There are 2 protein chains.
Amino acid sequence: MSDHEQQPLPPTPHQSGDALPPVEQHAQQYETVRNAHETELIEDYVELIGDLLRHRGEARAADIASRMSVSQATVSKMIRRLNELGLVTSRPYRSLFLTQEGQQMAETSRARHDIVLHFLRALGVRDTTARIDAEGMEHHVSDETLAIMQRFTEEHQP
Amino acid sequence: MSDHEQQPLPPTPHQSGDALPPVEQHAQQYETVRNAHETELIEDYVELIGDLLRHRGEARAADIASRMSVSQATVSKMIRRLNELGLVTSRPYRSLFLTQEGQQMAETSRARHDIVLHFLRALGVRDTTARIDAEGMEHHVSDETLAIMQRFTEEHQP
DNA sequence: AATAATTGTTAGCCTAGGCTAAACTAATTG
DNA sequence: CAATTAGTTTAGCCTAGGCTAACAATTATT
């Protein structure tokens, strides 16, 4: 075999896109995302439970399962975790309730979610799309950006 | 024990926030997010490898590990997966390369990432924050929203 | 050339978050 | 009130994505 190997090339001079950030900053970006992922699901559950309590008066495991389209077993397991984390109280075969701390988290999540959703709509995104995007984005928007989104929304549809 | 149990309450009449979406739509929101999570990491790796190749001329496992701040073992395992998925070619102790398909994915990811990043900056978000938020948001922004972001950016700083 | 340092791989462990199947409890209805 | 249906839980399995520790290969240094 002669040297037809793939060889590293010199960096492309006409760089499209930005330069690479310094290693520490770059690393921090990924770390932040990983951290968000850890709390994301927890927050989604708590937020949904809060919504169900508010709109329906009760939050049953079966509702959560169908709204999240996961199995009831998955929900049951998750509820145990939320319990251990002190976010919900539950008794077998009864509606769930949020603890003080859980309510706090639900409100915060709900508020973030609404800000992002309203912002997207104000930007001109269709409702269905906005809802989907907001669900994914809400956990990755910093307080700084959130504040800017809120201001934008207020200014663009009073 | 007398009946001091926590009881479900009637739905709050003064609803803050929106009403609950119909179950199917609600479920689809969460499904979309779950699907995004599955491809997210893969795309991040491929995108980073593309960036390293472009800016540095080569992409070594050690660089990926430090830029993502994960262990080299984790990177090594992931590279095997990327290989199996036909996204990269690798030989031990040599730089990684992207396959045709990998390059395609890297470009798409990079483009999305840039649009989100530039949009955030155009909105007025500070650079460091914008980078962090963009890293988390990019995988959750629909094509529709992406197009709107791009238009916004063009109009707000040419 | 020998040794040291860097880089990469492998093995084995852990947690989170899915799933199905089976068992149990509560509610509804014949 | 017995039986069916609906809701919940438990057990056990799987994959992804982290980790550390030990080892192997390459590259750099003396």
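The structure presented is a predicted model; accordingly, all values stated were derived computationally and were not measured. In what follows, every heavy atom counts, from backbone to side chain, and hydrogens, waters and symmetry copies are set aside.
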Expressed as a whole number of angstroms, how long is the span from B:H37:NE2 to D:dG17:P? 11 Å
Heavy atoms only, 4.0 Å cut-off, all strands: where does B:A61 land among base, sugar-phosphate and nothing? sugar-phosphate
Any donor-acceptor pair under 3.5 Å from B:R60 side chain to B:Y93 backbone: yes
To the nearest Å, how far apart are B:M78 CE and C:dG8 C1'? 17 Å
Working for ring pair (Phe, Tyr, Trp, His ring centres under 6.0 Å), residues A:H37 and A:H140: CA-CA 9 Å; A:H37 281 157; A:H140 301 280; 5.4 Å; yes
B:R94 side chain N/O closer than 4.0 Å to the phosphate oxygens (OP1, OP2) of D:dT27? yes
Under 4.0 angstrom between A:S71 side-chain N/O and C:dC19 OP1 or OP2: yes
Give the rounded distance in Å between these two atoms: CD of B:E84 and P of D:dG17. 12 Å
Name the residue closer to the 5' end of DNA chain C, choosing between A:I42 and B:S90 according to the nucleotide with the nearest heavy atom. B:S90
Please determine if a side-chain N or O atom of A:T74 lies less than 4.0 Å away from the OP1 or OP2 oxygen of C:dC19. yes
Would you check, one step at a time, whether the test salt bridge (Lys or Arg N to Asp or Glu O under 4.0 Å) holds for A:D127 with A:R121? CA-CA 7 Å; A:D127 181 75; A:R121 290 204 279 232; 2.5 Å; yes
Checking contacts here: which listed nucleotide (D:dG7, D:dT26, C:dT10) is nearest the side-chain heavy atoms of B:R80? C:dT10
What nucleic acid atoms does A:L41 come within less than 4.0 Å of, heavy atoms only: base, sugar-phosphate, or nothing? sugar-phosphate
Hey, could you give me the CG/CE distance between B:L41 and B:M68, rounded to the nearest 0.5 Å? 6.5 Å
To the nearest angstrom, the NZ-P distance between A:K77 and D:dA11 comes to 12 Å
Atom-to-atom span, CE of B:M68 to C1' of D:dG18 - whole angstrom: 13 Å
Could you tell me the separation between the CD atom of A:E58 and the C1' atom of D:dG7, rounded to a whole number of Å? 12 Å
Which is true for A:A73 with a 4.0 Å heavy-atom rule: it touches a base, it touches only sugar-phosphate, or it touches nothing? base
Verdict with supporting geometry, B:R112 and B:D143, salt bridge (Lys or Arg N to Asp or Glu O under 4.0 Å): CA-CA 9 Å; B:R112 299 182 77 83; B:D143 288 347; 3.2 Å; yes
B:R60 has a side chain; which of D:dG18, C:dT7, D:dG7 sits nearest to it? C:dT7
What is the distance from CD1 of B:I64 to P of D:dG18, rounded to the nearest Å? 13 Å
Separation of A:L82 atom CG from C:dG17 atom C1', in whole Å? 13 Å
Regarding the side chain of B:Q72, the nearest nucleotide among C:dT7, C:dA16, C:dC24 is C:dT7
